[in-house]
Every structure is written in structure tokens, then in C-alpha cells.
Amino acid sequence: MTLTHSHWDSHTRLGFMLAAGLYHGIMLVSFGGPRVPDDVMPFLRNVTRGRAIPSERLELVAEHYYHFGGASPINAQNDALAAALGAELAARGHRLPIWVGNRNWSPYLTDAVQQAHQSGCQRILAVLTSGYASYSSCRQYRDDLDAALVQTGLTGELKVDKVRQFFNHPGFVTPFADGLVAALGRLSSHDPTLTSADVEVIFTGHSLPIGAAMSSGFGAWREATGGAYLAQHRQVAEQVVQAVNLLQRAAGGPEVTHWQLAWQSRSGPAAQPWLEPDVNDAIAGLPGLGRKAVVTVPISFISDHMEVIWDLDIEAAATAAGLGLGYARAATPGTHPKFVTALADMIEERQSGRGDRAHIGRYGAWPDSCPPDCCPAPVRPHHQGARP
Ligand SMILES: CC1=C(CCC(=O)O)c2cc3nc(cc4[nH]c(cc5[nH]c(cc1n2)c(C)c5CCC(=O)O)c(CCC(=O)O)c4C)C(CCC(=O)O)=C3C
Ligand SMILES: [Fe+2]
């Protein structure tokens, strides 16, 4: 990668030399989650402001959080990732402070950009905690960052770029392969008679309204059947299966021969079509296919947050148990060293303009800057107000 004109234009020679790189800090940009029971309802109102989410659905989701003491695991997980990434960058000789900024709960993006600016940053690099294209997983975070700069009066004072969407980075795919191998091992140790033909692997993505899925990505990406979001999830599932089967062949373990992609965490009104099948419906079909066990692999997510532990470890596990199926869930990347290394590599790609833009499979690396028409905001006829 070579430096573009805009990089040089917006950076004085002196500033560039002092900083020894284009960026002065890193911002981990994430969803946010409640910390105590009193946070739960205001958090859910932030998430769903302006969205047509039925109030019954909100009450149901609130119970998921109350079940875990009103605290989402996402906060500790993002803090742990920020700490691991900071340590990796420091070990490589970079002096880059890291902030966490969230869309829906503290630390809010507005506070995070203010802190970055107060510490003297003029240009920071955002890392989103989602590796896929879609309005919810990419564009909305970029819009939130812009809105945070407007709200704090920092537009023009603080420039925020973002690391490319990393779905096909080997450092994102490999931890899922390791997690799936471990999950297959747990199933086998529980029931040593299981063969490949007995086990279904279900990769899960966060469901989206069909319209948002279809409009995700840009250009040829969007024209791929179902949009970029679907194509990227399929690609990650295929890459994980390939990697797992190489590992299993070497270790003499059962290979993955039956797998599918399903969706989880559907929200919104019943009449609105979302990506299907739901993971629970997919599991319900397994006895008819002769399967005895199922492994879920939540490839949409980077950590074992509430969508993973409630929707898979509790709900999907109960569906499987009710059908007499064995069940295991593969770990998400979390702070897997290869994932942390990958994030640091992608930061270095941008910081120094060097690096190999690692990616695997049939698609290229996602662009550093999404084109203007990428992942447009969904049209919401019943818009009820501005987002926070
Ligand atoms: C694509 C996608 C990701 C993956 C990308 C990414 O990671 O960003 C994601 C992640 C997450 N979603 C989360 C939580 C929630 N999502 C909701 C609602 C929605 N999600 C949507 C999409 C996504 N969501 C959509 C289209 C809606 C409908 C409302 C709308 O159009 O915006 C609701 C409202 C209640 C409900 O209906 O479920 C909640 C509570 C948490 C936090 C978990 C924790 O606390 O540990 C995380 C990481
Ligand atoms: Fe969500």
C-alpha cells in the first residue's frame, strides 16, 4: 500500500515526523452492554430507539440480562481485548493508546473521542468489533463515529479512519477452527461412538432483516446472491471447515462432513422477513437427517457475549437436549493470540503502509475505506426519532 494524497494533505510534515506513523491512537468501537440491573432497560432503549422492535421482545431480552445479574459479559471482553492488543502493539514498539467506545452504553463513543482528543490525538484508527459488512455491523458504527465527532464539536479536529472488515483474515478464521476442533473433541469424549456422519456443524450469523442483508456491501459484493453479509458468512464457514479438516486429518480426528449456515438472535416484528433458518429450526431438522449431535459455531461474533451465551449456550442447547442430540458450542476468537496478532497486523498495515493485507479464500481483502454507497441505512417507514 502506498500513502495516498489525502494522507499527506491532512498531515503536516512535522506532525508526521513526531508521530512516526499516521495514527496517534486506537479506538475499539463496539456495541456496549449493561453493567448492573438498572442499566438494562435504558441500554435496551438506546439499542432500539427509532427501531420497530416490539415491547414484548424488549421485556424478553431484558430477562436474558437479569438472568446474568444484569451484567453483559461484553464489557469485560472488550477490556480484555483492548489490553491484549495494547500489549501486542507495545511489544512491537508502537506507543499507541487504546480506548473503547460504544454505540449503546458507556464508555460512549462521544466520551471516547473526547478523551482521545484531550490526550493530544489528531488522527486515530478505529477497530470495529465486527468483521463483516452490513449496516448494523459496519456502516452504523462509522455513522456513530461521525455523529460523535459532530456532537463533541471535534469534526476536523480529530480524524478517525477504520481498519478493514476482517472476516477473511486468517487470524479471525483460525481461532474458530481451533474452537471447532476443541468442541468436536468434547463431543467425542462424551460419546466416543460418534462418527462424522453423526455430527452436524451449524455456523451461526446474527440474523438481519432481508432488506439489510441484500443491501450490504457495494458493487459486485452487493450483487452476490443475498448481499455481502451472507456471502462473507458463507465464505468464513467454508474456510473454517477446510482448516478444521486439515487439522483433523493430521490428528486422526473426525472430519466435518455435514454443515450448514443458520441465523440467530432474530429481533423485529414477526411480519418483517429476516435471514432464515433460525438456528433452533435448523437443529429441529437434525434428527430427520439421522444426526446424533450438533456443534454451533458463532462466526458473526468476536467474543462470547450475551448473544452467544443466551441464544446458543442456553436456547440452542435446550433445543438440542429436547431432541436428544449431543451439543457443543465452539469458542469465539476472544483474546486468541492469532486474533490479537491479526488486529495488530492490520493496524500496522495502516500505520506504516507496509504489510501483506493477509486474507484467505476466494475474496480479496476488504477496502480500508468503504465506498459511499456501501451498506446504506435501511429505510424505516415508522422512524420514531433520532438515534443517541
Ligand atoms: C449484525 C448484528 C450484530 C453483530 C455485529 C456487532 O457485533 O455489532 C449485533 C451484535 C450485538 N447485538 C447485541 C444486542 C442486541 N441487539 C439487538 C437488536 C439488533 N441487533 C441487530 C444486528 C446485530 N447485532 C439488529 C438488526 C437488531 C434490531 C434493531 C436494529 O435494527 O438495530 C438488541 C435489541 C433487543 C433484541 O431485539 O434482541 C440487543 C439487546 C449485542 C450485545 C450483546 C451483549 O450485551 O453482550 C451485540 C454484540
Ligand atoms: Fe444485535
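Note that the numbering runs from 1 along the sequence shown for the chain. First listed ligand is number 1; within each ligand, the first listed atom is number 1.
Of all N, O or S atoms in His206, the one lying closest to the Fe ion (ligand 2) is NE2.
Contact check for Val308 versus Phe301: side-chain heavy atoms found under the 4.5 Å cut-off. Looking only at side-chain heavy atoms (C-beta outward), Ile309 and Ile314 stay at 4.5 Å or farther from each other. For the pair Tyr141 and Arg103, the minimum side-chain heavy-atom distance is below 4.5 Å.
The ligand atoms of ligand 1 that sit less than 4.0 angstrom from a heavy atom of Ser137 are 5 (C). Residue Ser136 has at least one heavy-atom neighbour below 4.0 Å for each of these atoms of ligand 1: 1 (C), 22 (C), 26 (C). Every atom of ligand 1 with a heavy atom of Thr48 under 4.0 Å away is listed here by number and element: 34 (C). Atoms of ligand 1 found under 4.0 Å from any heavy atom of Val61, numbered from 1 in the order shown, are 35 (C), 36 (C), 38 (O), 40 (C). Listed by number with element, the atoms of ligand 1 under 4.0 angstrom from any heavy atom of Tyr65 are 40 (C), 42 (C), 43 (C), 44 (C), 45 (O). Annotation for ligand 1: atoms under 4.0 Å from non-hydrogen atoms of Val47 are 17 (C), 33 (C), 34 (C), 39 (C). For ligand 1, the atoms lying closer than 4.0 Å to a non-hydrogen atom of Ser130 are 5 (C), 6 (C). Residue Leu44 has at least one heavy-atom neighbour below 4.0 Å for each of these atoms of ligand 1: 40 (C).
Contact annotation for Ile302 and ligand 1: no heavy atom of the residue comes within less than 4.0 Å of the ligand. Heavy atoms of Leu128 found under 4.0 angstrom from ligand 1: none, in either backbone or side chain. Contacts with ligand 1 closer than 4.0 Å are made by side-chain heavy atoms of Arg51 only, the backbone lying farther away. Using a 4.0 Å cut-off between heavy atoms, Tyr132 makes no contact with ligand 1 at all. Both the backbone and the side chain of Met306 come within 4.0 Å of ligand 1, counting heavy atoms alone.
Below 3.5 Å of separation, one finds an N or O of Arg57 facing an N or O of ligand 1.
For atom 46 (O) of ligand 1, the candidate residues are Gly32, Ser134, Ser72, Ser30; the nearest heavy-atom contact is made by Ser72. Relative to atom 25 (C) of ligand 1, the option among Trp274, Tyr229, Trp105 with the closest non-hydrogen atom is Trp274. Nearest-residue assignment for atom 7 (O) of ligand 1 (options Trp310, Tyr141, Phe68; heavy-atom criterion): Tyr141. In the candidate list His206, Arg103, Gln140, Gln77, His206 is nearest to atom 3 (C) of ligand 1, counting heavy atoms.
A side-chain hydrogen bond (donor to acceptor under 3.5 Å, both in side chains) with Asp368 is found for one member of Arg164, Gln165, Arg357, Lys162 and no other, namely Arg357. Each of His64, Glu63, Gln264, His305 was compared with Trp310 under the side-chain hydrogen bond (donor to acceptor under 3.5 Å, both in side chains) criterion, and only His64 meets it.
Checking side-chain atoms of Asp39 against main-chain N and O of Val36 turns up a donor-acceptor pair under 3.5 Å.
The neighbour count for Arg95 CZ, taken as heavy atoms of other residues, nucleotides or ligands under 6.0 Å away, does not exceed 12.
The aromatic ring centroids of Trp366 and Phe218 lie less than 6.0 Å from each other. Between His233 and Phe203, the distance separating the two ring centers is not shorter than 6.0 angstrom. Residues Phe31 and Trp105 place their aromatic rings such that the two centres sit no closer than 6.0 Å.
Note on ligand 1: Tyr135 sits outside its first shell, no heavy atom being nearer than 4.0 Å.
Taking a cutoff of 4.0 Å between a charged side-chain nitrogen and a carboxylate oxygen, Asp146 and Arg142 do not qualify as a salt bridge. Classification of Glu238 and Arg362 as a salt-bridged pair holds, one side-chain N sitting under 4.0 Å from a carboxylate O.
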